[in-house]
There are 4 protein chains.
Amino acid sequence: MQSPIKKLAVLTSGGDSPGMNAAIRSVVRTCAYMDVEVMAIYRGYQGMIEGDFVLFNARSVNNIINKGGTILKSARCQEFRTPEGRKKAHEQLTRAGIDGFVVIGGDGSFRGASIFHKEFGTPVIGIPGTIDNDIFGTQYTLGFDTALNTVVEAIDKIRDTASSHSRLFFVEVMGRDVGHIALNAGVAAGAEEILIPEENLGLDRLLDSLKRSKKSGKSSSIVVVAEGDKTGKNVFELKEYVEKNLPVYDVRVSVLGHIQRGGVPTAFDRVLASRMGVRAVEGILEGKTNLMVGIMDNQIVFTPIDEAIKGHTKIDRELIRVSDIMTI
Amino acid sequence: MQSPIKKLAVLTSGGDSPGMNAAIRSVVRTCAYMDVEVMAIYRGYQGMIEGDFVLFNARSVNNIINKGGTILKSARCQEFRTPEGRKKAHEQLTRAGIDGFVVIGGDGSFRGASIFHKEFGTPVIGIPGTIDNDIFGTQYTLGFDTALNTVVEAIDKIRDTASSHSRLFFVEVMGRDVGHIALNAGVAAGAEEILIPEENLGLDRLLDSLKRSKKSGKSSSIVVVAEGDKTGKNVFELKEYVEKNLPVYDVRVSVLGHIQRGGVPTAFDRVLASRMGVRAVEGILEGKTNLMVGIMDNQIVFTPIDEAIKGHTKIDRELIRVSDIMTI
Amino acid sequence: MQSPIKKLAVLTSGGDSPGMNAAIRSVVRTCAYMDVEVMAIYRGYQGMIEGDFVLFNARSVNNIINKGGTILKSARCQEFRTPEGRKKAHEQLTRAGIDGFVVIGGDGSFRGASIFHKEFGTPVIGIPGTIDNDIFGTQYTLGFDTALNTVVEAIDKIRDTASSHSRLFFVEVMGRDVGHIALNAGVAAGAEEILIPEENLGLDRLLDSLKRSKKSGKSSSIVVVAEGDKTGKNVFELKEYVEKNLPVYDVRVSVLGHIQRGGVPTAFDRVLASRMGVRAVEGILEGKTNLMVGIMDNQIVFTPIDEAIKGHTKIDRELIRVSDIMTI
Amino acid sequence: MQSPIKKLAVLTSGGDSPGMNAAIRSVVRTCAYMDVEVMAIYRGYQGMIEGDFVLFNARSVNNIINKGGTILKSARCQEFRTPEGRKKAHEQLTRAGIDGFVVIGGDGSFRGASIFHKEFGTPVIGIPGTIDNDIFGTQYTLGFDTALNTVVEAIDKIRDTASSHSRLFFVEVMGRDVGHIALNAGVAAGAEEILIPEENLGLDRLLDSLKRSKKSGKSSSIVVVAEGDKTGKNVFELKEYVEKNLPVYDVRVSVLGHIQRGGVPTAFDRVLASRMGVRAVEGILEGKTNLMVGIMDNQIVFTPIDEAIKGHTKIDRELIRVSDIMTI
């Protein structure tokens, strides 16, 4: 494989997610293996604009595979949204002799990469790093499996208290536009009801479900609510609503918040990151560009970045059905 | 050891805490060992009033030592605060032939036990089960060590994100009247500043500390805030205040909430529960009453319940100093 | 969906694996949802022979989704391998009015189920529950993801010590015939070399790899060894061999052993168990029989049991390549 | 506090233990706070002999409080046991202008420190870092609490399998000379019997206990065995012995091994490390020397190193009694 590419760069951008470090390590080591130089760009596109680059070798990424967050730091960057910002970034890349880059991030980061690629022709491959699992072209994003387990462990703890006190808990989890975390965590944690952005079951159904649950002899219940749920009520309003309309329950709220983004990545996320990093570098060396690596049916595949950012992975309807059956 | 006591009861009351099940197991098995019958009272004092009793034997408590929550369930009970309620409870105990009881709970539960003891002379021993570590007469309450580790693990996760994004986080932890969780978790998690109910350092000092931290080259910071902190501001108001007065920081808030109460108890809490349960039963058989078992300087000791509920364990001033030094 | 089946049974058989309880729960609740009676068979085929059955309802499986092991207990049963044993089992099923059963276990359990089905025509569906991931017809067996994470967490701990002392560790993990745990854990934990039953790289290559690693500046190394590796040496012999032939290393051995089978199931295993349980019951009600449910490319599919037990899921060659690249 | 000491050093020595990094951080930051220079010595006494020193500041120890192992690396050093080796070490310290040092390690490391102090008069304070809890003068050594929780979590997993298969497990844990881990873990994990170096209950009592346990209706059992137990049999021989003399059990063995040394330190170990580090530096600046910091009855105290290495902390007889009662 002869490639005109002699030097690549890698950066993380947008919200951090567990597995980003494993992906950085994979990109860096694959470059070393392929005899391609690799520069780390710090602080995402901001660092690209400022030329915050460090030459890495295989040893630079020792002992990071199991660390949460990103050693390259991340940032959201307004300046990169402007033609001037991107021009500066391009000049920095040129000055450093960088022939292309791998960006690890979510759809915002990919949007920037795609525009940059169109303006300057720089080869770029994306690795989907976000806990939300909301990127089209991959069945799993990096960090989703870890975040899911964090949520499930948290709900297991909450259930201890819920059971001891016969309470109903509304647990808010991340997911502004998609309900993947909520749905999977809800099934895994045995939630009574799951409220996701993809469908609005309505408040009546919620009440019915809780009534049925009470009648069936369950003494405690967990309702998992994605941030972006479509009932029109947030978790605190849901609590009030249920207390008013179904006063048999002692209702509590828990907003899991930022613990969902961090933590030691699971085995799944580490393996996925390693696989994606290899293919990202291989792809760019093979002349591929403006693509995202993803995992579909256990294969690492490429999807045009422009498609990846257009849609979301659909929620699994079968899993909604499984959830309904489990809560009998 | 000849004792007139032939049948004891055990109950959990108030907020649940990890280690309660291990304490129940210890009480039940110690009774079995001492050839004393033991009845489990469900749902705290409410179950005592309603006669919700089940005869237990050593096998009834198999495989619960590592479970969070309480298999006997818990409740706060208004009726037990009335003389009529307590009279009913006493009738139920008498009818069931119960000669005394062990109550696992916090100061509210102990208050009830003490009044009950004074009214009816029933032998009673308390085991301090609460995550807050706020009971006088014991250096550790059951559940404190587990809650502390839960908080520290959560902050470790939050720090991954804080470091990746150079952010300042306010993390609210439990502790209405005492700052034990906040202070210990803050030291263990390397927090920049710790706000506790026991002392009000003032908002100026907070700003100073954050400024100094920024200047010293730290890119991210965690401030741990006990629920009952005395700044007059909650975590959301603190965020606004800092954003306004120290705009260099990107500030976020995380309220850990109910995950702090549940979860698999740590080794420390399981051993402590086992030790306390043994001494509680032994004490009551030796004729002791209206006492609480506690651990002081690694010894299980007894303290009059009336003293235990009067004060709180003082915050460790040395640890505040350690925290100050660590945040240089 | 009208089905002649009015009463089903569920059992766990062979070695236990995390997620079995979640699968039991799913089978039981799906039966309840479909208005089919369900009996739990205790202690695998032994319990089937002895008629150790209990009628379950939806509430019988409360709070087990997050428990390791199997509440139905499991056993290996010699008697079921004899025609007489199976005849007794069939009589017990008939007497109890059981029209078919779902068996959760590995290939030994499936073999028994298939023979039984052929002899008596009893409808039967298998759910692959084993940590080894060695069943053909499913890309993931129940418990594999949990075991993998247990192994990776253990190696993370071992690496702390390996790094601190510049040591080489041989870590033996489960896998007599297949190397899925070893390969995936090795990649996820950043192992230097991975020895699996599927290929014998030879001891020379191992030494070469360790030499190269030392030269490249790594101070510590982990080698993951599947039980059934084909070097002809077990981990203790490998230690001796390396100490003799490459005396620069301080070598240690760790055999992870039985901790790999237990533990709280991961989110992945709980969701998978829930999905498989639903399809197993649905399948049997639709008239399917002598099949195993599996997950292929994120879909729950059926495979004839006789095929499932014939082969193993192949090791992922791409992942071997990823591992080679990562250890540069 | 005026002190002639202007520059201190810190090193870790002997087997690593969780919390060592937190102690390093505390020593370094306390020096910074006290305006004393601090040098990190790498690889224990070996690095002292070779002059492997690096000047640290408060930021050098960022983000290590929650890391297992030791960033300074550790080693056992033969050369330091010779007068020549220690002479070289002293020359290195002198050349670097180091006025005294804090050594974090176990009794071997303290022995070396004490001899060194006597030969050269160099001020030295020890911090007890070892998982075994076998140092006189402190009720807790750094790493003990973490190791204990690691062991208990491992046994919890093993119990899942033991219960599912009605098996008896012998679980070997660390502790050559002392049984603190075994005894505490045994109580916390609900072990049937605990074999420790401090007392030989004899094999007859073991058989009796297992028989009684079987009769009492327990289907599975865990026996925790310290490495240095005094039955004269190791875990594998114990398995054979029980299989021969009590054939009702299906017996298995698990040797936990090196996972016990690593891992993220618990809150307790992090707080303890922080407190000890502060007092170690303060002590040496106050003119104290050849002492070890320890925690007794929740106070940080000093003990002459020569006393600390003479004996072991006694096993808690009360806890043995608690264990006996719990296994009824």
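Just so we're on the same page: letters track the sequence lines, and every chain starts at 1.
Side-chain atoms of C:Val27 and C:Ile127, non-hydrogen and from C-beta on, do get closer than 4.5 Å to each other. A 4.5 Å side-chain heavy-atom check between C:Val151 and C:Leu256 finds at least one atom pair inside the cut-off. Side-chain contact between C:Ile24 and C:Leu72 is present, with heavy atoms from C-beta onward closer than 4.5 Å.
Between C:Ala23 and C:Leu142, the closest heavy-atom pair is CB-CD1, 3.7 Å.
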Are there donor-acceptor pairs under 3.5 Å across chain D and chain C? List atom names and distances.
residue: D:Asp16; atom: N; partner: C:His165; partner atom: NE2; Å: 3.1
residue: D:Asp16; atom: OD1; partner: C:Thr161; partner atom: OG1; Å: 3.2
residue: D:Asp16; atom: OD1; partner: C:His165; partner atom: NE2; Å: 3.3
residue: D:Asp16; atom: OD2; partner: C:Thr161; partner atom: OG1; Å: 3.0
residue: D:Thr70; atom: N; partner: C:Ser164; partner atom: OG; Å: 2.9
residue: D:Lys73; atom: NZ; partner: C:Ser163; partner atom: O; Å: 2.7
residue: D:Lys73; atom: NZ; partner: C:Ser219; partner atom: OG; Å: 3.3
residue: D:Ser74; atom: N; partner: C:Ser164; partner atom: O; Å: 2.8
residue: D:Asp160; atom: OD2; partner: C:Gly263; partner atom: N; Å: 2.8
residue: D:Thr161; atom: OG1; partner: C:Asp16; partner atom: OD1; Å: 3.2
residue: D:Thr161; atom: OG1; partner: C:Asp16; partner atom: OD2; Å: 3.0
residue: D:Ser163; atom: O; partner: C:Lys73; partner atom: NZ; Å: 2.8
residue: D:Ser164; atom: O; partner: C:Ser74; partner atom: N; Å: 2.8
residue: D:Ser164; atom: OG; partner: C:Thr70; partner atom: N; Å: 2.8
residue: D:His165; atom: NE2; partner: C:Asp16; partner atom: N; Å: 3.1
residue: D:His165; atom: NE2; partner: C:Asp16; partner atom: OD1; Å: 3.3
residue: D:Ser219; atom: OG; partner: C:Lys73; partner atom: NZ; Å: 3.3
residue: D:Gly263; atom: N; partner: C:Asp160; partner atom: OD2; Å: 2.8

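The ring pair (Phe, Tyr, Trp, His ring centres under 6.0 Å) search around C:Phe170 returns none, not counting sequence neighbours.
To the nearest 0.5 Å, the span separating CG on D:Leu148 from CZ on D:Phe268 amounts to 10.5 Å.
Only the backbone of C:Val253 comes within contact range of chain D, with heavy atoms under 4.5 Å apart.
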